[in-house]
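Residue indices begin at 1 and follow the sequence shown. Because the structure is a prediction, the values reported are computed rather than measured.
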Amino acid sequence: ILRRMVSDSGLSDLVEIDSAGTYGGHAGDLPDPRMRRAASLRGYDLRHRARQVREEDFDRFDMIVAMDDMNYVAPSREAAQRIFRMTEFCRQHPGRTHVPDPYYEGREGFELVLDLLEDGCRGLLERISAR
């Protein structure tokens, strides 16, 4: 979602985006088929493969954006200052503290996650553009 927004805004040459999770059990897997289907209906083609976050990511990236507190980990206090919650950037969903895991929620759960991510990515892009 953020990749497309960054591309549409003409910032692709200036912004590097990657995706990783704290759980490594799905490394190499495509996103959940239900998420790919829901995202496809919104025009997103999710082909990236899962990977586990690495310590060097905290040196490589200016910002690490976590979906919830369970994924809010850092190798040092200094590195923790680069971690933000996606919901910090949401404008249309005030009061949300995390992006929920839609795995057990059915189609509505995946739609909610996409709503939150689109909202959060718009706010994140505003923040990036301001820099």
Side-chain angles (χ1 to χ4, degrees):
I1 294 169
L2 184 59
R3 277 190 187 102
R4 184 160 88 200
M5 289 181 181
V6 165
S7 177
D8 290 349
S9 69
L11 297 173
S12 293
D13 292 340
L14 302 173
V15 179
E16 182 179 358
I17 301 163
D18 200 354
S19 177
T22 54
Y23 174 66
H26 293 294
D29 294 348
L30 287 167
D32 185 290
R34 296 167 295 172
M35 178 55 83
R36 292 197 325 264
R37 192 169 27 260
S40 177
L41 292 173
R42 295 185 189 210
Y44 303 109
D45 185 13
L46 304 183
R47 289 190 232 182
H48 64 280
R49 299 284 177 163
R51 74 169 182 86
Q52 190 168 16
V53 71
R54 298 180 292 258
E55 190 169 333
E56 58 264 21
D57 290 335
F58 289 88
D59 295 324
R60 183 174 167 205
F61 296 101
D62 295 328
M63 299 175 79
I64 305 286
V65 181
M67 299 299 126
D68 59 45
D69 287 340
M70 296 300 291
N71 296 308
Y72 197 86
V73 297
S76 69
R77 285 189 175 172
E78 179 182 285
Q81 294 174 8
R82 289 190 292 272
I83 300 177
F84 301 85
R85 288 175 184 83
M86 178 59 79
T87 53
E88 292 178 45
F89 303 103
C90 288
R91 306 291 184 262
Q92 303 298 315
H93 298 87
R96 286 272 179 184
T97 59
H98 68 282
V99 176
D101 183 345
Y103 189 79
Y104 298 105
E105 301 300 319
R107 191 178 70 74
E108 303 82 23
F110 291 94
E111 294 298 329
L112 173 61
V113 166
L114 288 168
D115 289 343
L116 291 169
L117 293 178
E118 287 177 335
D119 183 17
C121 286
R122 279 190 295 273
L124 179 54
L125 182 56
E126 288 175 20
R127 170 90 177 256
I128 292 168
S129 297
R131 291 177 138 189

Please find the pair of heavy atoms, one from [X] and one from [Y], that lie closest to each other, and give the distance.
X      : Y      : result
Gln92  : Asp119 : N-OD2, 2.7 Å
His48  : Pro31  : O-CD, 3.3 Å
Gly120 : Phe89  : O-CB, 3.2 Å
Leu46  : Leu30  : O-CD2, 4.4 Å
Ala38  : Glu111 : CB-OE2, 3.6 Å
Ala39  : Leu114 : N-CD1, 3.7 Å

**OP:** Give a yes/no verdict on a cation-pi contact between Arg82 and Phe58, requiring under 6.0 Å between NZ or CZ and the six-membered ring centre and an angle within 45° of the axis.
**Re:**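 Verdict for Phe58: no cation-pi partner in Arg82.
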
Original post:
Just checking, Arg34 and Tyr103: is the charged tip under 6.0 Å from the six-membered ring centre and within 45° of the axis?
Top reply: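 So Arg34 does make the cation-pi contact.
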
Which value, rounded to the nearest 0.5 Å, describes the distance between [X] atom [atom1] and [Y] atom [atom2]?
X      : Y      : atom1 : atom2 : value
Leu112 : His93  : CG    : NE2   : 6.5 Å
Asp8   : Met5   : CG    : CE    : 8.5 Å
Glu55  : Arg60  : CD    : CZ    : 15.0 Å
Ser7   : Asp13  : OG    : CG    : 9.5 Å
His26  : Gln52  : NE2   : CD    : 11.5 Å
Ile1   : Arg122 : CD1   : CZ    : 9.5 Å

**OP:** Go through the steps to decide whether Val99 and Thr87 satisfy the test side-chain contact (heavy atoms from CB on, under 4.5 Å), and finish with yes or no.
**Re:** CA-CA 7 Å; Val99 176; Thr87 53; 4.3 Å; yes

Common cluster, [X]/[Y], ILVMFWY with side-chain heavy-atom separation under 4.5 Å:
X      : Y     : value
Val15  : Tyr44 : yes
Ile83  : Phe61 : yes
Met67  : Met63 : yes
Leu117 : Ile64 : no

Quick check: do [X] and [Y] have side-chain heavy atoms less than 4.5 Å from each other?
X      : Y      : answer
Asp62  : Arg131 : yes
Asp29  : Arg49  : no
Arg42  : Asp115 : yes
Leu11  : Ser129 : yes
Leu124 : Phe84  : no
Leu116 : Arg96  : yes

**OP:** Indicate yes or no: does Glu118 engage Arg4 in a salt bridge with an N to O separation below 4.0 Å.
**Re:**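 Not counted as a salt bridge, because no side-chain N and carboxylate O are separated by less than 4.0 Å.
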
Original post:
Does the pair Arg54/Asp18 count as a salt bridge with the N-to-O cut at 4.0 Å?
Top reply: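 No, this pair does not count.
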
Original post:
Should we say atom CZ of Arg91 is surrounded by more than 12 heavy atoms from elsewhere, each under 6.0 Å from it?
Top reply: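 Yes, CZ of Arg91 has more than 12 neighbouring heavy atoms, counting only those of other groups under 6.0 Å.
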
Original post:
Taking everything shown except Glu78 itself, do over 12 heavy atoms lie less than 6.0 Å from its CD?
Top reply: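 No, because the 6.0 Å sphere around CD of Glu78 holds 12 heavy atoms or fewer from other groups.
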
Subject >> Residues Thr97, Arg85; criterion side-chain contact (heavy atoms from CB on, under 4.5 Å); working and verdict >> reply: CA-CA 8 Å; Thr97 59; Arg85 288 175 184 83; 5.9 Å; no

**OP:** Carefully, step by step, assess Cys121 and Met86 under the rule side-chain contact (heavy atoms from CB on, under 4.5 Å).
**Re:** CA-CA 8 Å; Cys121 286; Met86 178 59 79; 4.0 Å; yes

